Amino acid sequence: MCLSVPGQIVSIVGEDVLRSGKVNFGGIVKQVNLSYVPEAAVGDYVIVHVGFAISKVDEAEAQQVFRYLKSIGELEELEMEAADEIH
């Protein structure tokens, strides 16, 4: 399933179209393109779709989405994808 998922930015490198960073999705950290959210900073929450952060979101809304995703088992799918990327 392809979802847009909130995550917290933990680092940023580059500028403009090369702006990217590490984003924490409830304990799973992935590299994400941040060029569509130039206003986002380390510590902010963003909505990520297919490797691109597409908007900022407040922490309360992000936590609510994490709780929902955990309840339906979708975070397990992210964990499996992260494990596949490592191997």
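As the structure is a computational prediction, the values presented were derived from the model and not from experiment.
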Enquirer: Okay, side chain of Asp16, backbone of Leu18: is any donor-acceptor separation there less than 3.5 Å?
Expert: no
Enquirer: Same hydrophobic cluster for Val13 and Val23, using side-chain heavy-atom links shorter than 4.5 Å among ILVMFWY?
Expert: no
Enquirer: Can you establish whether the number of heavy atoms outside Gln31 located under 6.0 Å from its atom CD is more than 12?
Expert: yes
Enquirer: Just so I know, are the side chains of Leu34 and Ile12 near enough to count as touching, which here means a heavy-atom distance under 4.5 Å?
Expert: yes
Enquirer: Kindly give the heavy-atom pair with the smallest separation between Val57 and Pro6, and that separation in Å.
Expert: CG1-CB, 4.3 Å
Enquirer: Could you tell me which residues satisfy side-chain contact (heavy atoms from CB on, under 4.5 Å) with Gln63, sequence neighbours excluded, listed by chain and number?
Expert: Tyr45, Glu59, Phe66, Arg67
Enquirer: If you look at every heavy atom in Ala40 and Ile9, which pair is closest and at what distance?
Expert: CB-CD1, 3.6 Å
Enquirer: Kindly indicate, with the supporting measurements, whether the criterion side chain to side chain contact (heavy atoms under 4.5 Å, CB included) is fulfilled by Ile54 and Val37.
Expert: CA-CA 6 Å; Ile54 55 176; Val37 288; 6.0 Å; no
Enquirer: What are the two closest non-hydrogen atoms of Ala53 and Val32, and how far apart are they?
Expert: N-CG1, 3.6 Å
Enquirer: Any chance you could lay out the side chain to side chain contact (heavy atoms under 4.5 Å, CB included) test for Val48 and Val46, step after step, and finish with the verdict?
Expert: CA-CA 6 Å; Val48 177; Val46 290; 4.0 Å; yes
Enquirer: Checking Lys22 against Lys30 for the side chain to side chain contact (heavy atoms under 4.5 Å, CB included) test, could you report, in this order, the C-alpha distance in whole Å, the side-chain angles of both residues, the deciding distance, and whether it holds?
Expert: CA-CA 5 Å; Lys22 292 185 178 184; Lys30 290 189 160 199; over 6 Å; no
Enquirer: Considering all heavy atoms of both residues, which atom of Asp44 and which atom of Glu39 are nearest to each other, and what is their separation?
Expert: OD2-O, 4.1 Å
Enquirer: Determine the minimum heavy-atom distance between Ile47 and Ser4, stating which atoms define it.
Expert: CG2-CB, 3.5 Å
